[in-house]
> 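Provided herewith is a single structure, encoded as structure tokens, for subsequent inquiry.
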Amino acid sequence: MTILYAMLILHIITGLIGVMSAFSMLIGFLRRVPKIGALKGWSLVSAISFILSWISGAYYYVLYYGGNVKPIILKSAYPWAHQIVMEAKEHVFLFIPLVSIVVSIGIFLAGEDILNDKPIKKSLAWLTAFVFILGVVISLAGVGISGAVRG
Amino acid sequence: MPALEFLALCEDKIMNRFKTISSISIGAIVAVFVVSVLVIGGEFYAPLKDWLKATFTHHWLGKSAISVMSFILFSLIARIFLKNESEDMAEKLLMALFKIAILGTLVLSVLFFYLFSIH
């Protein structure tokens, strides 16, 4: 297995872990009495996973995608897979790790307020929902882009 | 009186928690805005994209680096200059980040639809 291939797999796996962690956080926020320890743990896993996905994705994207994958997609029957899907994906992804870090720090600092159902709990939950939903959309976009390469 | 000093310290620590949350929210809001401007600007003003590529070896690496730097820088600036912030302010800034992140996502998605449609 080459480093390139390993980085691509790492990008996908850590991205999915990030998304699943965000989902776990969302479920945690919806509990009547959230388990703060679990929320803190999942938030850390989520933030770190997205950062790792960012780094590994950067490696693959910069060193391989532009010169080897993008031309194939542009010549295929689905050039929009790069021009719309990949372009949007690679840029909106940049929001996710930052928002995840804010949510994680917020949970660590405002744990008691979350337990006491203060308004800040709802804000953190909404941000988690954003991370989760955007993460799912971006994951599906990645599947679509892979399909365009094969097509 | 020691009791009052202790209460003041507690209150200070509580307010600092929300000050930190407010600060990083501001940092993230600025980072989202900066990334969006760089992406839009790069698509309509080629020298910007060229500068990012020349400085960071790849335009996307440049946007990544600048987003991180913006986040850290503006979080620190906000942390230094914000007065003790309330929970209410922290909550409002978190919601502002939520709305701006959604807006940034929609704007950038529409941008690439638009660029594809005109080419």
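Residue numbers start from 1 in every chain, and the chains themselves are labelled A, B, ... in the order their sequence lines are given, proteins ahead of strands.
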> Verify the cluster assignment for B:V37 and B:I66: are they in a single hydrophobic cluster under the rule of side-chain heavy atoms below 4.5 Å apart?
no
> Honestly curious: do A:Y65 and A:L140 fall in one hydrophobic cluster under the side-chain, below-4.5 Å linking rule?
yes
> Identify which of B:D88, B:I21, B:L115, B:L111 forms the greatest number of heavy-atom pairs closer than 4.5 Å to chain A.
B:I21
> Kindly indicate whether the side chain of B:L61, heavy atoms from C-beta on, has any atom under 4.5 Å from the side chain of A:Y61.
no
> Find out if a path of hydrophobic residues (ILVMFWY) with successive side-chain heavy-atom gaps under 4.5 Å connects B:F116 to B:Y114.
yes
> Look at atom CD1 of A:I3 and say whether more than 12 heavy atoms of other residues, nucleotides or ligands are closer to it than 6.0 Å.
no
> Using only non-hydrogen atoms and a strict under-4.5 angstrom cutoff, which residues of residues 81-96 of chain A touch chain B?
A:Q83, A:I84, A:E87, A:A88, A:E90, A:H91, A:V92, A:L94, A:F95
> Indicate the atoms forming the closest heavy-atom contact of A:V102 with B:L97, along with that distance.
CG1-CD2, 3.9 Å
> In terms of heavy-atom contacts, does CE of B:M89 have more than 12 from other residues, nucleotides or ligands at under 6.0 Å?
no
> Donor-acceptor pairs are to be reported for all side-chain atoms of residues 13-27 of chain A against protein atoms at under 3.5 Å, with residues two or more places apart or in another chain.
unit_1, atom_1, unit_2, atom_2, d
A:T14, OG1, A:L10, O, 2.5
A:T14, OG1, A:H11, O, 3.4
A:T14, OG1, A:S53, N, 3.3
A:S21, OG, A:I17, O, 2.7
A:S24, OG, A:M20, O, 3.1

> In terms of hydrophobic clustering (I, L, V, M, F, W, Y; side-chain heavy atoms under 4.5 Å; direct or indirect links), are A:I105 and A:I48 co-clustered?
no
> Inspect the surroundings of CZ in B:F113 and state if more than 12 heavy atoms from other residues, nucleotides or ligands are less than 6.0 Å away.
no
> Do A:V69 and B:W60 sit in the same hydrophobic cluster, where Ile, Leu, Val, Met, Phe, Trp and Tyr count as joined when their side-chain heavy atoms come under 4.5 Å apart?
yes
> At a heavy-atom separation under 4.5 Å, does B:V39 approach chain A through its side chain, its backbone, both, or neither?
side chain
> Are there residues of residues 107-137 of chain A whose heavy atoms fall under 4.5 Å of chain B's heavy atoms? If so, which?
A:L109, A:A110, A:D113, A:K118, A:P119, A:I120, A:S123, A:L124, A:W126, A:L127, A:F130, A:L134
> Please look at B:F71 and chain A and tell me whether the side chain, the backbone, both or neither of the residue comes under 4.5 angstrom of a heavy atom of that chain.
side chain
> Return a table of donor-acceptor pairs under 3.5 angstrom between the side chains of residues 44-54 of chain B and protein atoms on other chains or two or more places apart.
unit_1, atom_1, unit_2, atom_2, d
B:K49, NZ, B:E43, OE2, 3.1
B:W51, NE1, B:T55, OG1, 3.2

> Among B:S109, B:A101, B:G27, B:G104, which residue has the highest count of heavy-atom pairs closer than 4.5 Å to chain A?
B:A101
